[in-house]
Amino acid sequence: MNTKIIDLQVLDKAEIDKAYAEAGQVIRDGGMVAFPTETVYGLGANALDAEAAARIYAAKGRPSDNPLIAHIADESQLEDIAAYIPKAARILMKEYWPGPLTMVFKKKDCVPYGTTGGLETVAVRMPDHPVAARLIREAGVPVAAPSANISGRPSPTTAERTAEDMDGRIDMILDGGSCRIGIESTIVDMTEEVPVILRPGFITREMLTELLGEVRIDRALEKPQENFRPKAPGQKYRHYAPKAPMTLVEGDMKAVVAKIRELAALSLAEGKKAGIVCTDETREYYSDGIIKSMGSRESLESVAHNLYEILREFDEIGVDVIYSEAFSKDDLGFAVMNRLMKAAGHKEILL
Ligand code: TXA
Ligand code: MG
């Protein structure tokens, strides 16, 4: 398939109008358009069309029991696809939509099982990005969109990274520049008495608790080593993963630096190319290996923003092993650590 890549940033108004009209038509016709959101790039298709959803699974190489998020551009679209909208969801919508928050509801019949991976529920999100919003409006239907990566790889945060995985597999890529947040949305299950966080993200547990009083965390997230079955099916797969095996090192900062230095030196002695994922605060203490800082520990936003891009850079360089510093699991650190732990396949050295 020939993938049309359209850079919206260099077009004039008439060309932009034409690009959106074409993209909307592709979605209505059952095709696939990748587009930017504030979190990561999404791979969009008509959420109400089971065949279109099936094409997404094929393009990503994704297991079909892993449901897709339906993206909407205004609240009336939620009424179309959710059978019941609890009060707590209305509170969250008011504060965080449009934004990096996905909520799970009982689905209406119009949402095919092909989109929900056979579940009776549907995950819904209203992205806070002008390109995403306009594409959804132009399509006139809710847009099912997983992250636009080949299944298992780190999510793409630019159109270039999207093309790396999707060129030749989908109809169109809309280039709207780099994504502001860089990790996927927070997912909250609103079908339970007490809302449950299924995937941590930019909207933190602390922020949700402040509005709702009580919020739980899916046990599979808190104790991944105990093999609870996660309620977000996608959380059970190895994920966000660089090609090289990665190990997380957690503990007191000085001890972590010493351990990673030791591991990198050992790798070098074995003739292996080691990648080191560090922070601005520790950058200068490393010498062996290819060293990349995710940003300052004082700004977890920058760490989240750079995380996937750095993992993909290590893929490009072709390192043999990766060692990464860990973070505290407070606030946004919980989401960052969730991604790092998955990238490392839960391989962690606790000091
Ligand atoms: O930020 C995001 O959410 C991005 C952008 C493109 O919007 N999308 C995204 O989609 O991350 P994806 O498909 O890569 O991840 C969706 C996650 C999966 O872990 C899936 O299992 C879970 O959402 N999910 C979807 N529908 C669900 C449902 N009905 N119940 C529980 N989990 C669900
Ligand atoms: Mg994904």
Side-chain angles (χ1 to χ4, degrees), residues 32-45 47 53 56-57 59-73 81-83 96-108 111-129 131-133 135-136 142-157 162 165-166 174 176 179-192 195-203 218 220-221 229-241 304 308 335 338-339 342-343:
M32 290 175 283
V33 178
F35 60 96
T37 78
E38 78 280 33
T39 58
V40 300
Y41 270 71
L43 172 51
I56 288 184
Y57 288 107
K60 278 181 66 87
R62 173 168 173 152
S64 61
D65 69 338
N66 189 1
L68 307 172
I69 296 173
H71 293 65
I72 60 174
I81 57 178
Y96 292 120
W97 274 8
L101 175 71
T102 296
M103 287 189 268
V104 175
F105 302 95
K106 280 259 163 312
K107 79 173 189 70
K108 279 192 172 166
V111 185
Y113 290 115
T115 298
T116 68
L119 298 176
E120 293 299 335
T121 54
V122 60
V124 188
R125 161 162 133 77
M126 189 189 289
D128 182 19
H129 193 290
V131 174
L135 172 67
I136 297 163
V143 172
S147 48
N149 51 282
I150 301 277
S151 194
R153 292 206 70 201
S155 302
T157 56
T162 302
D165 284 17
M166 289 300 152
L174 296 177
C179 301
R180 179 167 56 86
I181 292 176
I183 57 172
E184 304 83 350
S185 61
T186 308
I187 304 179
V188 187
D189 183 356
M190 305 306 293
T191 66
E192 302 272 347
V196 187
I197 298 175
L198 305 184
R199 178 175 73 185
F202 192 81
I203 308 293
D218 191 14
L221 291 178
R229 174 132 68 114
K231 264 202 86 180
Q235 293 285 315
K236 71 175 177 261
Y237 299 105
R238 181 166 186 254
H239 233 186
Y240 320 127
Y308 287 141
N338 170 265
R339 305 316 191 271
K342 282 177 153 280

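Read the numbers this way: they start at 1 and go in the same order the structure lists the ligands and their atoms. All values derive from a computational prediction rather than experimental measurement.
- Atom CZ of Arg199 is separated from atom CZ of Arg339 by 5.5 Å, given to the nearest 0.5 angstrom.
- Numbered from 1 in the order shown, with element, the atoms of ligand 1 that lie under 4.0 Å from a heavy atom of Asn66 read 18 (C), 20 (C), 21 (O).
- Of all atoms in ligand 1, listed by their number and element, those nearer than 4.0 Å to a heavy atom of Gly42 are 6 (C).
- Taking CE from Met126 and CD1 from Ile72, the interatomic distance works out to 4.0 Å, rounded to the nearest 0.5 Å.
- Evaluation of the salt bridge (Lys or Arg N to Asp or Glu O under 4.0 Å) rule for Glu192 yields Lys231 as partners, not counting sequence neighbours.
- With a 4.0 Å heavy-atom cut-off, ligand 1 is reached by the backbone of Lys231 but not by any atom from C-beta on.
- In Thr121, the parts holding a heavy atom less than 4.0 Å from any atom of ligand 1 are both the side chain and the backbone.
- Proximity of Ala145 to ligand 1, defined as any heavy-atom pair under 4.0 Å, is confined to the backbone N, CA, C and O atoms.
- In summary, no N, O or S atom of Asn149 is located under 2.8 Å from the Mg ion (ligand 2).
- Partner Asp189 forms a side-chain contact (heavy atoms from CB on, under 4.5 Å) with one of Leu198, Thr102, Asp218 and no other, that one being Leu198.
- Note: no N/O pair closer than 3.5 Å links Tyr41 and ligand 1 by distance alone.
- Under the 4.0 angstrom criterion for non-hydrogen atoms, His71 is in contact with ligand 1.
- Of the heavy atoms in Arg62, only side-chain atoms (C-beta onward) come closer than 4.0 Å to ligand 1.
- Looking only at distances, no side-chain donor or acceptor of Thr115 sits under 3.5 Å from a matching main-chain atom of Ala53.
- We find the OH-CE distance between Tyr41 and Met166 to be 14.0 Å, quoted to the nearest 0.5 Å.
- With sequence neighbours excluded, no residue forms a side-chain hydrogen bond (donor to acceptor under 3.5 Å, both in side chains) with Asp128.
- Of the polar atoms of Ser185, at least one N or O is found under 3.5 Å from an N or O of ligand 1, judged by distance alone.
- Distance check, rounded to the nearest 0.5 Å: CD1 of Ile183 to CG of Asn338 gives 8.0 Å.
- Shown in contact with Ile187 at under 4.0 Å from a heavy atom are these atoms of ligand 1, numbered in order with element: 17 (C), 22 (C), 23 (O).
- Here Thr116 has no heavy atoms under 4.0 Å from ligand 1, in either its backbone or its side chain.
- Checked by atom type and distance alone, the side chain of Tyr57 pairs as donor or acceptor with a backbone atom of Asn66 at under 3.5 Å.
- Annotation for Gly176 and Val131: closest pair CA-CG2, 4.5 Å, computed over non-hydrogen atoms.
- Here is the list of ligand 1 atoms found below 4.0 Å of a heavy atom in Leu119: 28 (C), 29 (N), 30 (N).
- At a 4.0 Å heavy-atom cut-off, ligand 1 does not touch Asp189 at all.
- Comparing Gly201, Ser155, Pro146 by heavy-atom distance to atom 10 (O) of ligand 1, the nearest is Pro146.
- Taking a cut-off of under 4.0 Å to the non-hydrogen atoms of Ser147, the atoms of ligand 1 that pass are 8 (N), 9 (C), 10 (O), 12 (P), 14 (O).
- Residue Tyr308 comes nearest to Pro154 through the heavy atom pair CD2-CB, 3.7 Å, listed as atom of the first residue, atom of the second, then distance.
- Which parts of ligand 1 touch Ala123 is read off a 4.0 Å heavy-atom cut-off, strictly below it: atoms 25 (C), 26 (N), 27 (C), 29 (N).
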